A.B. asks: 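Okay, handing you the structure first.
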Amino acid sequence: MVDDVDAMAAQAVRFGSEGHMSGTGAGTGTEIDAVVFDVLGTLVDEPAGLRAGMRELAPSLNEFGVERLLSLWQRHIEREQRRVLDGDRPYLPSDVLDLEAARVVADAAGVDDPAAVAALALSARRLPPWHDTVAGLARIAERFPLIGLSNASRTALLGINAHAGLRWHQALSAEDARTYKPDPAVYQLAVTVSGLPPERLLMVAAHAWDLRGAQGLGLRTAYVARPVGDPPTASDRFDLHADDLTGLADQLAHV
């Protein structure tokens with residue numbers, strides 16, 4: 001973890017009433033005292049890591065075959081997380097869902113080796129960071145405490161952080177809330193651990209659905225564009241928009 005959290009907590013950014021960043025003298029603005037980051041898709045390229053695992057599972061696959069298997073994996077995870085959120089299935093951590101998805105993919109690829117299936121499931125922890133992630137986090141951490149907030153399990157999040165070189169002041173897993181984002185209970189984890197009102201936290205994600213969930217609990221929001229993200233719709237109103245993490249760091253630095 002990065003040190004001197006209390007010192008950085010003294011720094012703040014203020015947002016004006018129109019949702020744009022302004023100087024610290026803005027009369028109706030809201031101070032931001034900590035930054036909360038989504039991990040999967042926002043800071044790491046999840047599809048790239050999964051594709052690598054699928055190529056190891058079935059080296060003869062062509063690009064089309066890999067993309068077909070990736071789609072099977074993603075649909076399984078999305079469906080099963082939704083079932084948990086809808087109360088149709090008891091909570092299970094992401095490790096379990098990853099292993100289920102790996103079995104679905106292995107069956108489709110004609111692979112029945114349990115060791116190969118287990119290795120594929122673990123590829124969900126070997127996700128490369130985006131080119132700007134490590135440097136961008138370091139820059140933002142010079143001014144704010146950083147909190148990672150992920151749907152990945154505690155164990156998976158440890159592996160993802162280590163593989164991608166992600167450094168936090170605190171890393172939180174949805175496993176602690178026994179549900180998945182966008183359930184408000186997951187965002188509440190960041191509010192609780194920070195000891196701050198929700199409006200003093202800035203949630204950063206490449207997924208509009210994630211930011212909407214954070215908004216529902218009162219967090220401020222920053223959308224960062226990624227190739228694998230869920231872009232905002234015309235009706236979304238997020239406080240900040242950035243083309244990448246470097247751009248977000250620039251915006252947070254010039255206040």
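These figures come from a predicted structure and were not determined experimentally.
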A.B. asks: Other than Leu158, what residues sit in its cluster of Ile, Leu, Val, Met, Phe, Trp and Tyr side chains whose heavy atoms are under 4.5 Å apart, directly or through others?
C.D. replies: none

A.B. asks: List the residues meeting salt bridge (Lys or Arg N to Asp or Glu O under 4.0 Å) with Glu78, not counting sequence neighbours, and say none if there are none.
C.D. replies: none

A.B. asks: Checking Ser153 now: which residues fulfil side chain to side chain donor-acceptor pair (under 3.5 Å) with it, not counting sequence neighbours?
C.D. replies: Asp95

A.B. asks: Show the atom names and distances, to 0.1 Å, of all donor-acceptor pairs under 3.5 Å that link a side chain in residues 54-66 to residues at least two apart or in another chain.
C.D. replies:
{"residue": "Asn62", "atom": "OD1", "partner": "Phe64", "partner atom": "N", "Å": "3.2"}
{"residue": "Asn62", "atom": "OD1", "partner": "Gly65", "partner atom": "N", "Å": "2.7"}

A.B. asks: Name all residues meeting the side-chain contact (heavy atoms from CB on, under 4.5 Å) criterion together with Ala162; count only those two or more places apart in sequence or in a different chain, and write none if there are none.
C.D. replies: none

A.B. asks: With sequence neighbours left out, what residues match Thr155 under side chain to side chain donor-acceptor pair (under 3.5 Å)?
C.D. replies: none

A.B. asks: Partners of Ala177 by side-chain contact (heavy atoms from CB on, under 4.5 Å), sequence neighbours excluded?
C.D. replies: Thr179, Ala185, Val186, Leu189

A.B. asks: Sequence neighbours left out, what passes ring-ring contact (aromatic ring centres under 6.0 Å, His included) with Phe37? Give chain and number order.
C.D. replies: none

A.B. asks: Pairs under 3.5 angstrom only: tabulate donor-acceptor contacts from the side chains of residues 104-122 to other protein residues two or more places apart or in another chain.
C.D. replies:
{"residue": "Asp113", "atom": "OD1", "partner": "Ala115", "partner atom": "N", "Å": "3.1"}

A.B. asks: Verify, without hydrogens or angle tests, whether His169 (side chain) and Leu146 (backbone) share a donor-acceptor contact under 3.5 angstrom.
C.D. replies: yes

A.B. asks: Would you call Arg125-Asp98 a salt bridge at under 4.0 Å N-O?
C.D. replies: no

A.B. asks: Among all residues two or more places apart in sequence or in another chain, which pass the side chain to side chain donor-acceptor pair (under 3.5 Å) test with Ser173?
C.D. replies: none

A.B. asks: Tell me, please, which residues at least two apart from Arg103 pass side chain to side chain donor-acceptor pair (under 3.5 Å).
C.D. replies: none

A.B. asks: For His76, what residues pass the ring-ring contact (aromatic ring centres under 6.0 Å, His included) criterion, not counting sequence neighbours?
C.D. replies: none

